[in-house]
Number of protein chains: 2
Amino acid sequence: MATIRDVAKLADVSTATVSRVINRNGYVNAETKRRVTEAIEQLNYVPNDVARSLFKGRSKMIALFVPDITNPFFPELARAVEDVANQRDYTFVLCNTDNDPVKESAYLNALQQKSADGFVIVSSSISEEQLEEINVPMVAVDRITGRSISSVTVNNYSGSRQAVQHLKSIGCKRIAHISGPEHTDNAVLRLRGYLDEVMYEDWFNSNYIAVGEYNFDTAREAAIELLRDCPEVDGVFAGNDLMGAGVLNAAAALGRRVPDDLSVIGFDGISIGKTLTPTLTTMVQPIYEIGAKAADMVITQIENGAPAITSEELPVQLMERQSSRRKE
Amino acid sequence: MATIRDVAKLADVSTATVSRVINRNGYVNAETKRRVTEAIEQLNYVPNDVARSLFKGRSKMIALFVPDITNPFFPELARAVEDVANQRDYTFVLCNTDNDPVKESAYLNALQQKSADGFVIVSSSISEEQLEEINVPMVAVDRITGRSISSVTVNNYSGSRQAVQHLKSIGCKRIAHISGPEHTDNAVLRLRGYLDEVMYEDWFNSNYIAVGEYNFDTAREAAIELLRDCPEVDGVFAGNDLMGAGVLNAAAALGRRVPDDLSVIGFDGISIGKTLTPTLTTMVQPIYEIGAKAADMVITQIENGAPAITSEELPVQLMERQSSRRKE
DNA sequence: TTGTACGCGTTATCAA
DNA sequence: TTGATAACGCGTACAA
């Protein structure tokens with residue numbers, strides 16, 4: 001690999017001049033510029049990013065922290081962050097944290113050692129103190145971890161109410177909810193939305209609420225138990241699509257017909273919902289936009305240093321599919 | 001951030017000594033060592049990775065190239081590579097190539113500029129010439145792109161035969177195949193396996209072969225057409241699970257009952273198969289192991305410089321689920 | 001056993 | 001308009 005010195009020698013100028021040509025700053029004579037460009041061409045020279053990073057203290061690298069990329073909600077988010085990073089000439093690092101604070105800190109430290117320029121994080125566990133220590137641009141996504149950090153989320157509360165309203169509107173009379181884990185703030189918000197829709201209904205009953213871990217298996221089990229104990233339930237709002245899939249599977253196992261006997265709605269709009277039989281009605285989050293927006297915010301913050309803390313809230317949208325249908 | 005010089009000053013030694021303590025090489029007096037360690041502790045010193053990289057020409061960074069992380073086959077692979085990278089103290093970079101050779105080269109160049117140490121790639125399009133140019137450890141996964149690169153794959157051909165044999169063994173008399181895209185070598189191998197199982201059956205007919213793009217939608221359409229034209233088909237081997245899901249959906253749309261009327265088997269063993277109704281019988285690939293093995297090979301190659309080209313072939317395994325059942 | 005001094009490849013400052 | 005040179009932070013000959 002050719003270095004800037006090789007180029008300088010070949011073009012018979014100093015490295016400073018070459019640098020000026022490369023970075024288009026400072027004056028440089030048209031003729032010398034030509035010679036330099038030619039030498040660069042000839043030697044196939046490309047500046048070494050590591051040396052640049054060392055000098056500048058910046059690496060043109062951003063990282064995304066997700067609990068587990070294996071969870072189908074995250075790949076699309078990751079894709080968005082990577083695309084934006086790429087467009088703006090940043091390298092994209094992916095970190096699976098398993099929601100483990102120890103891993104989070106380890107990654108944070110390791111990446112700061114590499115002069116990572118910014119972070120997009122999905123986390124419920126990063127503490128305010130940690131946030132203070134980090135003085136690198138950072139934006140939270142999907143879940144807000146505190147007031148001292150910028151964020152991009154959706155309106156979980158009103159989205160949740162819309163979901164329940166949809167079930168009501170198609171004639172469901174007894175609506176249950178499989179909620180996500182209690183330590184996750186979007187699960188809490190969705191639960192609250194559900195409650196505010198049904199709490200004052202005379203049929204409401206706290207047995208209509210079950211808790212899952214935002215995954216298929218726990219939801220399936222919870223749904224089997226719930227539907228067995230409360231056979232009168234004719235609508236289920238699952239806290240996310242993965243759990244919606246679990247509910248569908250539970251219903252099939254119990255011989256409950258969806259949507260005739262039972263309507264089901266999920267939340268997220270991940271593509272798995274379209275592959276299920278019946279396909280899953282859901283509240284669609286603009287996952288890609290969320291990731292793109294977040295990445296954009298971090299990079300803009302890196303480059304322009306806008307330290308203001310901003311919170312974006314994007315809309316969710318009802319997507320009616322086969323798992324819910326108006327009752328006769 | 002403290003530098004090695006700060007530590008040296010505080011411990012009243014030279015930077016060389018500090019370096020020796022950090023990297024445990026060269027002699028250093030027990031007492032001086034204590035002083036140094038103490039200073040390091042006190043200043044919270046951590047060596048700067050960028051400076052290290054510049055000096056060594058190595059970055060402790062490996063990258064994974066996948067066509068699109070949004071395809072559910074890849075997250076688990078990515079997870080494996082990241083886990084291994086992490087364990088062995090490497091940073092993990094994810095690149096979506098969209099199977100675009102231009103993007104691939106761009107990433108390759110960009111990462112070499114950052115002194116990336118190795119690559120795990122899923123690609124059908126990297127040319128032999130490109131491979132020659134890269135003199136950084138690299139291993140191909142899932143698809144082999146040439147003879148001049150190490151690889152980790154599964155036995156697609158025999159796995160495919162096993163899949164068809166399974167359908168035969170449960171009594172299917174007319175077996176169709178939805179094959180993957182022709183330019184992907186694993187699709188070709190799976191097709192060949194299918195052919196070698198059915199070609200000499202008297203019922204065999206080339207209309208029993210359709211081509212999809214390894215995704216849900218194309219497979220669904222192909223299956224609808226195929227099942228309509230050839231209603232006698234009672235078994236379908238889909239080239240991958242995503243297409244298996246498409247077949248299931250097509251069957252439901254046509255009122256064909258699975259597994260009573262029609263048995264379906266997929267390939268890959270991605271987790272979506274368990275969420276479908278009915279759940280999808282499939283040939284399970286050890287996806288995580290593949291990724292882990294590949295990552296391990298690259299890193300070992302980086303550290304020990306074993307330039308021998310090796311090809312690992314891992315086994316696939318039949319997983320019987322609800323979509324296939326013995327005919328009465 | 002320890003320290004000096006240089007190089008890794010850039011960029012930016014200052015002087016010419 | 002250009003060049004010499006000092007950083008950036010680290011590791012390693014080589015000398016002591």
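Reminder, nothing fancy here: chain letters follow the sequence lines and each chain counts from 1.
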Grab the CD1-C1' distance between Ile22(B) and dT12(D) for me, whole Å please.
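The distance from CD1 of Ile22(B) to C1' of dT12(D) comes to 13 Å, rounded to the nearest Å.
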Asn23(A) CG to dG9(C) P: how many Å, rounded?
17 Å
Looking only at side-chain atoms of [X], point me to the closest of [options].
| X | options | answer |
| --- | --- | --- |
| Thr3(A) | dG9(C), dT2(D), dG11(D) | dG9(C) |
| Ala16(A) | dT4(C), dA12(C), dC10(D) | dA12(C) |
| Val28(A) | dC10(D), dT2(D), dT12(D) | dT2(D) |
| Arg5(A) | dT1(D), dG11(D), dG9(C) | dG9(C) |
| Phe55(A) | dG11(D), dA12(C), dG3(D) | dA12(C) |
| Thr15(A) | dT2(D), dG3(C), dT5(D) | dT5(D) |

Does Asp185(A) pair with Arg143(A) as a salt bridge, N-O distance under 4.0 Å?
no
I'd like to know if Arg79(A) and Asp98(B) make a salt bridge, using a cut-off of under 4.0 Å between side-chain N and carboxylate O.
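Salt bridge present between Arg79(A) and Asp98(B).
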Presence of [X] side-chain N/O under 4.0 Å of [N] phosphate oxygens OP1/OP2:
| X | N | answer |
| --- | --- | --- |
| Tyr45(A) | dT10(C) | yes |
| Thr17(A) | dG3(D) | yes |
| Asn48(A) | dC8(C) | no |

Please tell me which of Thr32(B) and Ala51(A) maps to the more 5' nucleotide of DNA chain C, matching each residue to the nucleotide holding its nearest heavy atom.
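Residue closer to the 5' terminus by nearest nucleotide: Thr32(B).
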Heavy-atom nearest nucleotide on DNA chain C for Met1(A) versus Arg20(A): which residue maps closer to 5'?
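Final value for this comparison: Met1(A).
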Touch check for [X], heavy atoms < 4.0 angstrom, all strands: base, sugar-phosphate only, or nothing?
| X | answer |
| --- | --- |
| Val46(A) | sugar-phosphate |
| Ser19(B) | base |
| Val13(B) | sugar-phosphate |

For residues Asn186(A) and Thr153(A), determine if any side-chain heavy atom of one lies less than 4.5 Å from a side-chain heavy atom of the other.
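Asn186(A) does not reach Thr153(A) side chain to side chain.
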So do the side chains of Phe74(A) and Leu94(A) get within less than 4.5 Å of each other, counting heavy atoms only?
no
Quick one: closest heavy-atom pair of Thr15(A) and Ile4(A), and the distance?
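Heavy atoms of Thr15(A) and Ile4(A) come nearest at O-CD1, 3.7 Å.
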